[in-house]
Protein chains: 2
Amino acid sequence: MENDCRNCAFKTKATSMLSDCSLDQLSANHLELRLKKGDSIIKQGTYSTNVIFLRTGLAKIHLAGPYNEQIVKMVNAPSYLGLPTTFGSKINQYSVTAVSDAEVCYIDLKVFETILDENKEFTREIIQEFCKNELESFRRCANRTQKLIRGNMADALLEFSDKIFKSNTFILPLSQAEFANLVDTSRESVSRVLSEFDKDGIIKINGKKIEILNKETLLLISQKG
Amino acid sequence: MENDCRNCAFKTKATSMLSDCSLDQLSANHLELRLKKGDSIIKQGTYSTNVIFLRTGLAKIHLAGPYNEQIVKMVNAPSYLGLPTTFGSKINQYSVTAVSDAEVCYIDLKVFETILDENKEFTREIIQEFCKNELESFRRCANRTQKLIRGNMADALLEFSDKIFKSNTFILPLSQAEFANLVDTSRESVSRVLSEFDKDGIIKINGKKIEILNKETLLLISQKG
DNA sequence: TACGCAATGTGATACATATCACAAAATAAT
DNA sequence: ATTATTTTGTGATATGTATCACATTGCGTA
């Protein structure tokens, strides 16, 4: 059975809590897709009744601001996407786009709801996830708006290193223009600050490859604004 | 029975969905308090295992940013507070403070979890609430960081008028300094922009009382940055 | 290999707004 | 009532960064 969700169970605590019955239901009712970097997963303004499980890969959540497209969050697998849409207006209020190759499963909302109803542990996991996200968004709000560009850039680099790639060396999955939309600045400033950090020996840039040399200083910059 | 949660049921869809059994359990296991303007409901950094139900009144959610205290959100009753804490680390990651007189109920997390487990409709309501919050935070993120001060001020005024007080005339429940922390600007800029809006006939200021005279213009300012 | 388009580096200028510095007014305390 | 303390109004200056302009490099494609 190729599409057996049991094979997925090890990758996420949440899924591993599902009852056999629910796992079977899930296996029978989902569509799995392989996506390439740049492919759209969710498109703002379109209709949807699917919950999407990001099985592998990295994605950006972004939406139209008054002037620019704003990236509000980077998400890496495993993670559920699109819950606010499916539990809300059914019109996607934001876009999600793969920034690396990715595998996603489309699960019908009805099925997902049934599974929620029948798996308390799973429901609690999902709620906890929401809670974590809310806290994160609060912190992000306080940080982004108060810090100067260098601080926000430092933040973003640390997040990539610690949270997304879990390595001091990684390949920036965003163009500088995209990076600017994540950090709330201009493309040019991203370029400048990146050069500065390199010149100061805090990071080493090699094309799109970034190595973090001095995490302490980066943390300091992040904290001081 | 003074503390009967049934009396509360009409005020919130969520509560009205609870089973009789759960309502009894809730009635027997909660502490109700009357608070005055300025009283702390949740304090960042302290330990807590209570979910808090804001029964009446208006509160601000705020936390320490790198430089200032940042208000991330205004919340009016009826609403649950502190879920991210109780479902997470048990240490409050943000503060909540009453900005008007308020009534709150402290519900033990265990009791709340039991009620969640036993009331699917209620659980779904809570999840939907989380979804709404997430969308709101995304939008806020895109707006706050891209708009100029006038735009954010217009936003905030419209939110007070439409969402919080549901009236064109209201008394600002925040000092200008607090308002600045909500809108991500300086106390002086709040003063200046408020005067501008008044001079331009968009709003009428009378001490702490604000009347919105020209909502269309305000909306325009909000959209144009 | 050569071409064209997209992504990046970097200076000069413009501008929104934070900050500083007080004055005035309003609130609270004695 | 009088003083003290907090809140608000408003000008002048400083500053971080967006914007514009163009050079340069990298990259996919014919």
Side-chain angles (χ1 to χ4, degrees), chain A residues 36-38 60 65-71 99 142-157 171-200 203-210 221-222 224-225, chain B residues 36-38 60 65-71 99 142-157 171-200 203-210 221-222 224-225:
Chain A
K36 283 180 302 177
K37 173 173 175 157
K60 62 174 179 178
Y67 294 109
N68 307 314
E69 194 72 9
Q70 171 93 31
I71 301 179
V99 297
N143 279 315
R144 283 252 191 96
T145 52
Q146 287 187 25
K147 285 182 187 171
L148 303 181
I149 292 180
R150 286 171 62 90
N152 284 325
M153 292 276 297
D155 255 3
L157 289 173
I171 289 171
L172 238 191
L174 305 173
S175 72
Q176 290 192 358
E178 284 176 299
F179 201 53
N181 290 340
L182 175 66
V183 172
D184 299 312
T185 184
S186 64
R187 192 221 96 221
E188 294 92 329
S189 292
V190 168
S191 176
R192 273 187 255 270
V193 172
L194 241 30
S195 303
E196 274 174 44
F197 284 174
D198 183 302
K199 224 158 274 170
D200 297 349
I203 64 176
K204 186 157 147 284
I205 303 178
N206 203 328
K208 287 219 154 294
K209 210 181 83 184
I210 292 186
I221 293 171
S222 145
K224 290 272 176 158
Chain B
K36 282 180 304 177
K37 173 173 176 158
K60 62 174 180 179
Y67 293 109
N68 307 315
E69 193 73 7
Q70 170 93 30
I71 301 178
V99 298
N143 279 313
R144 282 253 192 96
T145 52
Q146 286 186 25
K147 286 182 187 171
L148 303 182
I149 292 180
R150 286 171 62 90
N152 283 325
M153 291 275 298
D155 255 3
L157 289 174
I171 289 172
L172 238 191
L174 304 172
S175 73
Q176 291 192 359
E178 282 176 300
F179 200 45
N181 290 339
L182 175 66
V183 173
D184 299 313
T185 184
S186 64
R187 191 221 97 221
E188 294 92 329
S189 292
V190 168
S191 176
R192 273 187 256 269
V193 172
L194 242 29
S195 303
E196 275 174 46
F197 284 174
D198 182 301
K199 223 160 277 170
D200 298 349
I203 64 175
K204 185 156 148 287
I205 303 178
N206 203 328
K208 287 220 155 294
K209 209 181 83 185
I210 292 186
I221 293 172
S222 144
K224 290 272 174 155

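Protein chains get the first letters and strands the later ones, always in sequence-line order, with residue 1 at the start of each.
Counting to the nearest Å, the P atom of C:dA16 and the NZ atom of B:Lys147 are 17 Å from each other. What separates OH of B:Tyr67 from C1' of C:dT19 is a distance of 14 Å, to the nearest Å. Nucleotide C:dA18 holds its P atom 11 Å from the CG atom of B:Asn152, rounded to whole Å. What separates CG of B:Asn206 from C1' of C:dA26 is a distance of 14 Å, to the nearest Å. Rounding to whole angstrom units, CG of residue A:Leu172 and C1' of C:dT8 are separated by 13 Å. The CZ-P distance, from B:Arg192 to C:dA16, rounds to 14 Å in whole Å. Spacing between atom CD1 of B:Ile149 and atom P of C:dC15 amounts to 17 Å, rounded to whole angstrom units. Distance, A:Glu196 CD to C:dT10 P: 11 Å, rounded to whole Å.
Closest approach of A:Ile205 to A:Ser195, counting heavy atoms only: CD1-N, 4.5 Å. A pairwise comparison of heavy atoms in A:Pro66 and B:Lys147 identifies CG-CG, 3.8 Å as the closest pair. Across all non-hydrogen atoms, the minimal contact from A:Ala142 to B:Gly65 is CB-CA, 4.2 Å.
Side-chain atoms of B:Asp155 and B:Val183, non-hydrogen and from C-beta on, never get closer than 4.5 Å to each other. Inter-residue side-chain proximity for B:Thr145 and A:Tyr67 is flagged as unmet; no heavy-atom pair is nearer than 4.5 Å. When side chains are defined from C-beta on, B:Gln70 does not count as touching B:Asn181, because their heavy atoms never get closer than 4.5 Å.
Base engagement by B:Ser191 is indicated by at least one non-hydrogen atom pair under 4.0 Å involving a base atom.
Close approach of DNA chain D to chain B, defined as any atom under 4.0 Å from a non-hydrogen atom of the protein, starts and stops at D:dT8 to D:dA12.
Screening residues 182-191 of chain A for salt bridge (charged side-chain N to carboxylate O under 4.0 Å, His left out) gives A:Arg144-A:Asp184 as the qualifying pairs, with residues at least two apart or on separate chains.
At its two ends the helix from C:dC3-D:dG28 to C:dT30-D:dA1 runs along axes set 50° apart, each axis drawn from five pairs and the angle rounded to 10°.
Contacts of A:Arg192 classified as side chain to side chain donor-acceptor pair (under 3.5 Å), with partners at least two apart in sequence or in another chain: none. With sequence neighbours left out, B:Ser189 forms a side-chain contact (heavy atoms from CB on, under 4.5 Å) with B:Ile149, B:Thr185, B:Ser186.
For the segment residues 178-187 of chain B, the set of residues with a heavy atom within less than 4.0 Å of an atom of DNA chain D comprises B:Arg187, in numerical order.
Of the candidates C:dT17, C:dA7, C:dA12, the closest approach to any side-chain atom of A:Lys208 belongs to C:dA7.
Taking a 6.0 Å sphere around NZ of B:Lys208, one finds it holds more than 12 heavy atoms contributed by other residues, nucleotides or ligands.
The side chain of A:Gln176 places no N or O atom within less than 4.0 Å of a non-bridging phosphate oxygen (OP1 or OP2) of C:dA6.
Residue B:Asp198 holds its CG atom at 9.5 Å from CD1 of B:Ile210, rounded to the nearest 0.5 Å.
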